[in-house]
Chemist: 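First, the structure itself, so that you have it in front of you.
Labels below follow one simple rule: chain letters A, B, ... track the order of the sequence lines, proteins then strands, and each chain is numbered from 1.
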Amino acid sequence: MPTISAICIYSGRLPQFLESLASFIAQDYEDRELLVINCCVKQTLAFDHAKIKVYNLKENVLPVRAKNGAMQYARGEYIIAWDELSVALPNFLTQIAAAVQGREWAWLNSELCLDTAGNMKVTQGSEFSFVFKKSVMAKTGPYPPGIRGASDRNLMAKIVALHPGEPTVVHPENINLIRLGTPEERERVMPDAKVGMVKLQPNLSKDYAALAEIARTGRREHRLCVVSLGRFGDIIAILPVLKEIHDLYETPHLMVSAKFAELLEGVSYVKPFVTNLDQAELGSALTIAKSAFQIVLVGGCWGKGWHQVIRTPSYNRDEWGNLGLLHRFHEQDLRPVFDRRDMEREQALLDLIRGEDKRPMLLVNVSSGISSPCPECAALLPEIQQVWGEMYHVVDLTKIRAHRLYDFLLTFESAAALISIDTSFLHLCSATSIPVVAITSTTGKSLNADGTPWGATLVRCGNGVNHISYTKVFDDNRKELHESIAAALERPNLPVKVRPSPPLGYKPTARRVFHLVDRFEDTDRKTLERKMKSWATWDDLYVTGQMIPAHCWSYPRNAKDVLGESKSAPFLKDLLAHGVKQCGDDDILLWTNDDNLIHPDLPEYLKFHLSVYGPCSIFRTEIRGLIPSLKLTPEQFGKTSKESHVGRDGFAFTKRWLVEHWDELPDWALSYRMWDIHAALIIRQFYGIKTTNKNVWDQILPAEAPIGYLGHIAHTSAWTINMDSPGNTHNGLLFKSWCEQHLPNLKVTPEGNLA
Amino acid sequence: MKLVIFSIILDGEPFVEKHLPIFEQLSIPWEWRIAEGAAANTHCTAWCKPQAPRFSRDGTSEYLTSISTHPNVKLFRRQLWDGKVAMCNACVAGIDEECVLLEADIDEFFTAPQMERMVQMFEERPEAMRAFFWCRYWLGPNIIATSTNGYGNRNGEWLRAFRFRPGMAFTRHETPVLDGNRGIAISREETKALGLVFEHYPWLLESTVSAKEKFYGYTNALQHWKRLQENGKWPVADLSRFLPWVGPNASADFVGEGVGADLLK
């Protein structure tokens, strides 16, 4: 393959250049080099890479002179100009090489342009899609003078004149070069203010390939990504959740730091999305994930750009809360599964550890904890050896190196117990039934609501776990430690029971979403106009089959007749029965008001939510004035409104859940107050979430879907006109009596309103 | 060649449930594409009364949902379409092979053997691009229009079958115009000679008459229709005495007690 030399004139536009640089590094074409000519003399760029050479100029020179000077250092057979304000997808240079094969030049006729608003469109190929044989310069001469790309274009014209030919036609789906910003936007990019030594840190802040795909098709190809930039233990801690998502919905992408990606070689049920970002950059990682995925879940709990709501005393439990499965944290058969173990490696490791010693093994790591170090704990090892070393083979795990962390699994399965401060081992052991003594930290600046420190690791499963905090392990002559070890050694290390995966061929994403709405004739023109704006959003989903309409126009019971109301209104359960008749057990019934705008991403989100979690309620985004574009992501759409609304505008259930919980649902009258909040609290109760007067306003996964999926054009609600109407009173009394039984601490008025 | 049948529907009971059992008797490849929803009074149906956005309210929606997973059925649903022509085009968009396209309004029925004969007709006549048909136009459970070139079978009626090629689209629904479909048409005399006369039930039942009164704006249509049903003197040489909108040369006759309704069973 011929070597391609890419020449980049750097003029100080650092953030964009770092993206451009990262995209060069990510090229799959091997025989390449990049010459970076730094024309921004106030900066000295530092970067060490086998295929990249940086030349820091000491004096100001025109770019054309810099380019001509660079030619003597370019060792490639072919030359291409590399734009500091562009990102090349990994296949770009391969495409260029294929286009120019056997020719003097090639010019790809199309590029993509990504403007600052995030819009991407196809544009004509520029000078940065032109590659030429270096030897032609013997006839054309050097780059001629010219600014703003004119120099390149002038050379191009000379080359094409000498060697006539046609540009290479590139189909839009095969375009691999993305210009950052429109021409006007690029003109306005100013050099970075940094002065002096600048250590380059290449960074791709977006999934540009996914963005190009979205621009082309209008759809995100990838649906779900969990972001977890933590260390090995943090990743292992959430593997049970990832497996549930895989088994019940689809194989999730998992964004991980490059340093820890090797762990995922041991599992088949996630698709690694490897980034150079580390744990502290959770906010940046989320931005990247949200640009490429419809559904993004946070698998970590701290980092810049992320605010963690603390709900439990331990951070790994709160991580499960972020992922929506806090209510299942204690399920014994939800374990991390390594289904790509290398048994040869594991056996070799076990043999190495065991040696000739036939005694049962007591595995110990009390001196190497990276996430929560405890230097004093190292002193425990000799004591453990002294007390237990006669009957047990005490193994210092810090002395053992494995090819992969999960290669310890057979050793864990064969040992009598594990004593560890290292959270990676503590999380790994939950893939087995090894009895555990976990010595964990509770230090940290964060506090729970009750003032206790937040941050301890709560080890799941294993076969019984004794937790001891760092602050207490040395107390009372290590009494608690040794009692815990003794207790652990009493417990057997049995084969672990893992929840079986659903049978092959089960496709929960084939669930249908039925849109259940109570309909009636609207006589008021203004009301009809308002509602028709919402109905247009429904039609877009109906016509593509993403939602099936289940509108109900007639009802067996009417609040007018049953409750003495002044106007007609149905009862919710009659409406639900109408929907239940039409759908299958695993289909989803989505109820909304008849005036809600529905975000196009909602059906797919519900398929995920109902598959992995269960029912949910959905808050509204209140709209005043112009309706925000539904091309925004739900999160962006939700942020267009600063208003909070405690009511719920949507509910989603599977038929199966409804049928099972039918009798728990009161007989609410629709179109009157409190039934929606009441229903939301019943759902929260299902997930074990205790509602307070404060948190009733909060979106708590999985009881409530993220905000932004339903819009509502502001108007006066009919039920607020007479708060003591029979319908309002009926629902209020139902709510009050339910709260007295299930939430006695919730403050409710005598009429059954939230206090 | 495949037979693709398309229908546009709003409140299609009792007819909508009668089609699928007929199609399932076909021994040729077939597909039924259905667009449901209200059609705005625009384009070729601008003369109709304006419609509020909605789906069917007579059980048609629920029925269509129940057959939506049938492998040969494709549904397209909007509460409000940009006219009937948009509904037709939703049905034909995405057809990716040459086929015989049959417009089957919800109250129109060919038998399975007739449809197979129709496809064979197009295969035998590769130059033919579309076909016209006579129909038995029912004005009640017992009454058929007997007009020749008059109401029920006017000149130029009924264009119902097309040789469809991907990319073609309707520019009109009433009367159907399929852009790109140019060339020889098979006349209704020729199709009649092959036995291809379909049953058409636009005025069979009181419920359908009321719907037409609302949608098309025929003033007092139900009242006029009832008078025709109660008529005792047959044949009727001037149908306009009963149904004022039918125009000249319209006649009708009595064909036997409940025959029309029986045919639907």
Chemist: Please determine whether a side-chain nitrogen of the Lys or Arg among B/Lys226 and B/Glu230 lies less than 4.0 Å from a carboxylate oxygen of the Asp or Glu.
Modeler: no
Chemist: Could you check whether the rings of B/Phe15 and B/Tyr201 sit parallel, tilted or perpendicular, using 30° and 60° as the cut-offs?
Modeler: parallel
Chemist: Where on B/Leu64 is there a heavy atom nearer than 4.5 Å to chain A: the side chain, the backbone, both, or neither?
Modeler: neither
Chemist: Under a 4.5 Å heavy-atom cut-off, does chain A meet the side chain of B/Thr65, its backbone, both or neither?
Modeler: both
Chemist: Can you list the steps and then say if A/His515 with A/Trp538 is a side chain to side chain contact (heavy atoms under 4.5 Å, CB included)?
Modeler: CA-CA 9 Å; A/His515 182 209; A/Trp538 305 356; 3.5 Å; yes
Chemist: Which answer fits A/Trp535, side chain, backbone, both or neither, if we ask what part of it has an atom under 4.5 Å from a heavy atom of chain B?
Modeler: both
Chemist: With a 4.0 Å cut-off, would you call A/Glu529 and A/Lys531 a salt bridge?
Modeler: no
